[in-house]
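Some notes on the structure that comes next.
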There are 2 protein chains.
Amino acid sequence: MSRSRTTVVDIAHAAGVSKSTVSLVLQGSPLVNEKTREKVNSVIADLGYVYNRGAANLRQARSKIVGIVVNDLTNSFFAELAVGMDMVVQSAGYVQFLAHSGESVDRQREVIASMRENGIAGLILSPARGTEAADLKPLIDSGIPVVVVVRNLSGAKVSTLLSDNYTGAKAAVRHLVSLGHTRIGFMGGFLDTAVFAERLRGYRDALQEAGIAADEALIVHSAPSRAGGVAAVERMMLLADRATAALCLNDAVAFGVCDGLRTVGIEPGKGFGVIGFDDVIEAKTAVPALTTVSVDPQGMGQRAAQLLLKQINAGGNEQESLVTSVRLVVRQSCGAPVRNNHLEEMA
Amino acid sequence: MSRSRTTVVDIAHAAGVSKSTVSLVLQGSPLVNEKTREKVNSVIADLGYVYNRGAANLRQARSKIVGIVVNDLTNSFFAELAVGMDMVVQSAGYVQFLAHSGESVDRQREVIASMRENGIAGLILSPARGTEAADLKPLIDSGIPVVVVVRNLSGAKVSTLLSDNYTGAKAAVRHLVSLGHTRIGFMGGFLDTAVFAERLRGYRDALQEAGIAADEALIVHSAPSRAGGVAAVERMMLLADRATAALCLNDAVAFGVCDGLRTVGIEPGKGFGVIGFDDVIEAKTAVPALTTVSVDPQGMGQRAAQLLLKQINAGGNEQESLVTSVRLVVRQSCGAPVRNNHLEEMA
DNA sequence: GGATATAATTGGAACGTTCCAAATATGTCA
DNA sequence: TGACATATTTGGAACGTTCCAATTATATCC
């Protein structure tokens, strides 16, 4: 039940200047006299004025809002990614629409449309499974910069930021080989994502490099979640000649695999080597601490946001594709000697 | 590099009607003739028009944006809370600014100010530690509805949605008592939050009710995180007459406690009973599955969003305070007989 | 002191929508 | 057909800002 908003005109009136001058002050223009600036600022504070960015956007057609759409916020990898983005977005003076698509392309389309109506200056998208390049076409054609992260979207004319899944997976498998494993599995994930394909390719190439024959039975698909990991390990246990270690699609699957191993009485890291991918925060404190390929989600989020802001400021729409490097973090879950704790191998 | 935005006037021109009519169509007004509506809609589709909600807000002074500020998105409890809110906010045709304060009051102040400038219709806040009622005063005075969730903010004239921490803690301790425990600890958390105080009060009252003398040594403070849980259990182990079971401040602490127990060779659920609080998704699949007080974060998020939308629509600013009920979910981590798996006790 | 440069300020138009009051079209009735 | 009711459409003002070109105040020079 507040009386109508105070505006620049109210401020101008109270300070005895014109609205143009007030506007200049608000923008920190050097044109305005120091005395006047102080006067105006004090009136602003007195009247409890709040700037109306919407009105400003209307006039200048460039907003300070970025859109972020993430496929699954409940996965801590993406939550951390979002936090990283949040950090740089906020400190650049922007705000973000942050939405969760829940892997639904329809939902994703809706939120992007809604963000567009609300005038975003750019979009960072971690696409839901099944997203087509065409889905982003209208947005891109309208000249709004888009950065796609984590998952690739082939054919779209956008900037992308991916982690080096291939090299990371390869390094992980090499590590298992160096520990003497020869029956190495790959657990979790489905064929439909580029992330899966890349990691699997790294896995295959590392095996080949080591002269180990690939055994398709050791590649067990499952949902890319903790529950999926449990399911995967159950199926793995049914095999006559099962693996002695496995690279998991991500940390969530790896935790599930550890859970599953325990229920059949195998201690992860002793009877079976487990390597994850992502290095979420829990990886460090879990028991056993998880050996994993570190992607530094928060750092990746920051880099994505920086990339987007750069494109917004440049105005141009030349795309840029970055691959962020990853590194293998050796902890306890694959039976490495305990003294090697926290030792890091380059990947 | 797009030519200037197409506007209602362009549509009007192309469809041979006035801009007012186009506006009416956009709002789905029943006043406009069916033929005209179709014509206008087809032109809209042809020209790829995108509605400018900012301009609309300017005129009507009521936006379709809500602000959500959460203290820690990397904690999966809050991430799920956010997802719950997202669901109802989106389907009500709103978008959200979702920001992460990282427990920093300064940061929180900044993002709220920024959201205000961008014209939010309401705010849901899970306050950072140390937030004062006064921090929200200007926002509230300006007539914007605020819903505070999870943590209480005494003295603020806002609606609140809290979980029934007292009853939940009491139920958990009663359960431990019923299993025969008499030395029961309380682990994790610091005195500065209302959540901690309430859960501790429930713990104390349940002990008293059971005629068990309180032992302050069994209350061990720590950060409310997994790492904090590890630290807490280390200190607990130093005690001569240590606890045989503990209620933990939250699930994160409980997982840390389990980790810590394992490193000293105690199997959680066998040698030591552990109960968590929150029921995050991992609680179900962890090994051992965590007995915990279920708060249903996603449902709570939904309820918070509904409450906010209700207030936005009502326009009035009468506050409403809800306490959502919780229930004890008995799983394996406190040594309950396995056949009782998933049995639920009312709380 | 007048001319000139420089510093500071200003009114009005514009951004894309909604709202209002008024205008026009269409239908109905006697 | 004229009067009236109802259905549909419409031009202009308004929302709160920024931008531009133009104006006014102040300093500097000879």
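The model shown is predicted, which means the values in this text are computed figures rather than measured ones. Just so it is clear: chains get the letters A, B, ... in the order the sequence lines come, proteins before strands, and each one is counted from 1.
Atom pair Ile44(A):CD1 and dG16(D):P shows a separation of 16 Å (rounding to whole Å applied). Atom C1' of nucleotide dT17(C) and atom OH of Tyr49(B) are separated by 7 Å, given to the nearest angstrom. Look at CZ on Arg5(B): it is 11 Å from C1' on dT17(C), rounded to the nearest Å. The CG-C1' distance, from Asn57(A) to dC15(D), rounds to 14 Å in whole Å. In this structure, the NZ atom of Lys39(A) is 19 Å from the P atom of dA8(C), given to the nearest Å. Distance CG (Leu47(B)) to P (dG16(C)): 15 Å, rounded to an integer number of Å. In this structure, CG of Leu58(A) is placed 12 Å from P of dG16(D), rounded to the nearest angstrom. The separation between Arg53(A) atom CZ and dT18(D) atom P is 9 Å, rounded to whole Å.
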- Counting primed atoms, P, OP1 and OP2 as sugar-phosphate and everything else as base, the B/S/- map of nucleotides 7-12 of chain D against protein heavy atoms under 4.0 Å is -SSBBB
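Taken to the nearest 0.5 Å, the CG atom of Leu31(A) stands 10.0 Å off from the OG1 atom of Thr21(A).
Side-chain N/O atoms of Gln27(A) include one lying less than 4.0 angstrom from OP1 or OP2 on dC19(D). For the OP1/OP2 pair of dT18(D) and a distance below 4.0 Å, the side-chain nitrogens and oxygens of Ser23(A) include at least one atom meeting the criterion. A sub-4.0 Å separation between OP1 or OP2 of dC15(C) and a side-chain N or O of Gln60(A) is absent.
Counting heavy atoms from C-beta outward, Leu125(A) and Leu136(A) have side chains that approach closer than 4.5 Å. In this structure, Gln298(A) and Leu81(A) have side chains that are not in contact, with every pair of non-hydrogen atoms separated by 4.5 Å or more. Residues Met300(A) and Val295(A) have side chains in contact (heavy-atom distance under 4.5 Å, counting atoms from C-beta outward). With a 4.5 Å cut-off on side-chain heavy atoms, Ile65(A) and Tyr94(A) do not count as touching. Annotation: side chain of Arg129(A) is in contact with side chain of Arg151(A) (closest heavy-atom distance under 4.5 Å).
Contact annotation for Arg37(B): no contact, since no heavy-atom pair falls under 4.0 Å across all strands.
The main-chain N or O of Leu307(B) is never found under 3.5 Å from a side-chain atom of Gln311(B) such that the two would form a donor-acceptor pair.
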